[in-house]
Amino acid sequence: MAKEPVRVLVTGAAGQIGYALVPMIARGVMLGADQPVILHMLDIPPAAEALNGVKMELVDAAFPLLKGVVATTDVVEACTGVNIAVMVGGFPRKEGMERKDVMSKNVSIYKSQASALEQHAAPNCKVLVVANPANTNALILKEFAPSIPAKNITCLTRLDHNRALGQISEKLNVQVSDVKNVIIWGNHSSTQYPDVNHATVKTPSAEKPVRELVKDDAWLNVEFITTVQQRGAAIIKARKLSSALSAASAACDHIRDWVLGTPEGTWVSMGVYSDGSYNAPAGVIYSFPVTCRNGEWTIVQGLVIDEFSRKKLDLTGAELTEEKELAYSCLS
C-alpha cells in the first residue's frame, strides 16, 4: 500500500541552500525512495517571485514522489500540518554587524516561526534548524514552541560531521563510506570540537582506529581540527558564497538518520537539547554523538574523554552558555 505523503517545510526556500535542498527532498534523498512528500516552502515577501520560480522548476522536474507544493510568504500557511520543518531561513551576519545585532534579528525571526509551528504544525513535528547561530536559534525556537517536545528540536552539525569524515578519507586515501564515528561536540561555530578519538576505518583485515592509521597526532590535534572548524569560511573565500550543496546534503542526512535510523554500530553528530551528558552545560542545544532508532535519538554514553578533549568540550560549552545569555537579553 502506498504511504501517506509527509509534509516537509523548508524556510528560506528561495535561497542558495533551499534551492539545493528542495530537489533532494522531492527525489527521496531525505525520507527514502518510497516516501511521497508535499513540500511547504516559505520565504520573505521580497523573495516571493524567486520562490515562485523554484515552485515552477519543481513542477517542471516532474518528481514522482512530489505530491504537492505550497509556496508562500505567510508563516501560518507554511507551517500548517507539517511533519518535518527544516529551518534554513535566518538573518545573516553582515559586515560591521555585532554578534548581538545578528542574535537580536534571529531571535525575533525564530520567535515568530516557533509560534506558528507551535499552533499549526502536525503533532510530533520534527524540527531541524540550519540557519546560524544554529544551536541558539534552535534553543529560542524551543522556548517559544513549548508543546513541541524538546527532543524534537535539533540543529545541524551533520555538515561539520561530514566535513570531518571527508578530511579523514582524503588524508588516508580511503572511501568516505569506510570512515565512521567521528564526533562533533558543542556549537556549530569555530569553537566546535571535531573528535576522532573513537573513529574507525574499515580496512581489508578489520576496523582500525583513525589515530592508529593516520599516525600523525600533530595533524589530528591541530590542522584537522582547524580545517573542519573553518571549512565554511574557506568555502566562502573560494565560492564567494556560503556552503549550499553540502549543507543541503547534510540536512537530508540528519533527517534521514533521525527518521529511518542509524546503521548498527554507527553514530552521527546532532545538535540536541543537552541533559548535561559528558559534563556539557545542560539547557543548551549542544552537539553530541547520537544513535537513532524508531524516530528517536539517543546520546551515545560511556565514551572516554581525555584531558585534551575535555578542554575543547568545555570551551565550546562556555560559548553556548554565553550565546544563550545574549539571546535571552535580546528578549527582554
Side-chain angles (χ1 to χ4, degrees), residues 2-15 17-43 51 54-55 58 63 65-72 75-90 110 113-131 134 137-138 141-142 144-145 147-159 247-262 268-273 285 290 292-297:
K3 292 182 174 180
E4 280 292 303
V6 170
R7 291 182 180 269
V8 183
L9 166 65
V10 177
T11 71
I17 296 174
Y19 186 70
L21 178 58
V22 292
M24 292 183 187
I25 298 170
R27 199 174 275 286
V29 175
M30 179 179 277
L31 292 170
D34 62 344
Q35 178 58 64
V37 292
I38 297 170
L39 269 170
H40 288 227
M41 303 193 300
L42 175 70
D43 219 311
L51 187 65
V54 177
K55 181 180 179 177
L58 286 167
F63 293 110
L65 291 171
L66 187 59
K67 302 304 179 188
V69 181
V70 176
T72 183
V75 69
V76 171
E77 186 185 4
C79 291
T80 299
V82 297
N83 309 101
I84 292 166
V86 185
M87 316 301 282
V88 178
Y110 276 82
Q113 292 183 348
S115 303
L117 284 169
E118 163 88 1
Q119 291 168 47
H120 303 287
N124 214 31
C125 174
K126 286 180 160 59
V127 183
L128 167 61
V129 177
V130 176
N137 284 344
L141 194 145
K142 180 200 157 293
F144 289 96
S147 72
I148 298 177
K151 67 180 178 9
N152 281 22
I153 297 171
T154 64
C155 85
L156 187 71
T157 55
R158 183 60 174 270
L159 176 53
S249 182
C252 287
D253 291 344
H254 176 112
I255 298 286
R256 186 186 63 246
D257 284 343
W258 189 3
V259 172
L260 301 177
T262 46
V268 294
S269 303
M270 282 172 67
V272 300
Y273 193 61
I285 305 278
V290 302
C292 303
R293 200 169 168 197
N294 301 325
E296 305 268 338
W297 54 263

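The basis for the numbers below is simple: all heavy atoms, side chains too, and nothing from hydrogens, waters or symmetry mates. Residues: numbered from 1 along the sequence shown.
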Student check: side-chain heavy atoms of [X] and [Y] closer than 4.5 Å:
{"X": "Phe63", "Y": "Val37", "result": "no"}
{"X": "His254", "Y": "Met270", "result": "yes"}
{"X": "Val259", "Y": "Gln35", "result": "no"}
{"X": "Cys79", "Y": "Gln113", "result": "no"}

query = Name the one of Thr11, Leu21, Ile17, Leu9 that satisfies side chain to side chain contact (heavy atoms under 4.5 Å, CB included) with Val86?
reply =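 For Val86, the side chain to side chain contact (heavy atoms under 4.5 Å, CB included) test succeeds with only one of Thr11, Leu21, Ile17, Leu9, which is Leu21.
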
request  = Go through the steps to decide whether Met87 and Asn137 satisfy the test side chain to side chain contact (heavy atoms under 4.5 Å, CB included), and finish with yes or no.
outcome  = CA-CA 9 Å; Met87 316 301 282; Asn137 284 344; over 6 Å; no

Heavy-atom pair of closest approach, residues [X] and [Y]:
{"X": "Thr262", "Y": "Val268", "answer": "CG2-CG2, 3.9 Å"}
{"X": "Ala85", "Y": "Leu117", "answer": "CB-CD2, 4.0 Å"}
{"X": "Ile285", "Y": "Ala138", "answer": "CG1-CB, 4.0 Å"}
{"X": "Leu58", "Y": "Ala26", "answer": "CD2-CB, 4.4 Å"}
{"X": "Met30", "Y": "Ala251", "answer": "CE-O, 4.0 Å"}
{"X": "Gly18", "Y": "Pro23", "answer": "O-CD, 4.5 Å"}

inquiry  = Working to the nearest 0.5 angstrom, can you tell me the gap between Ile153 CD1 and Lys126 NZ?
reply    =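 Ile153 atom CD1 to Lys126 atom NZ measures 12.0 Å (nearest 0.5 Å).
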
task = To the nearest 0.5 angstrom, please state how far the OG atom of Ser269 sits from the CG atom of Asp257.
result =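 If I round to the nearest 0.5 Å, the distance is 11.0 Å.
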
message = Between Ile25 and Leu31, does the side chain to side chain contact (heavy atoms under 4.5 Å, CB included) criterion hold? Intermediate values first, please.
response = CA-CA 7 Å; Ile25 298 170; Leu31 292 170; 5.5 Å; no

query = Is the count of non-hydrogen atoms from other residues, nucleotides or ligands lying under 6.0 Å from Gln119 atom CD greater than 12?
reply =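 Counting other residues, nucleotides and ligands, CD of Gln119 exceeds 12 neighbours.
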
message = Taking atom CZ as the centre, does Arg256 end up with more than 12 heavy-atom neighbours from other residues, nucleotides or ligands that are less than 6.0 angstrom away?
response = yes

request  = For the pair Asn152 and Cys125, evaluate side chain to side chain contact (heavy atoms under 4.5 Å, CB included) and give the outcome as yes or no after the intermediate values.
outcome  = CA-CA 7 Å; Asn152 281 22; Cys125 174; 5.7 Å; no

query = Checking side chain to side chain contact (heavy atoms under 4.5 Å, CB included) for the pair Lys151/Trp297: CA distance, chi angles, key distance, verdict?
reply = CA-CA 8 Å; Lys151 67 180 178 9; Trp297 54 263; 4.0 Å; yes

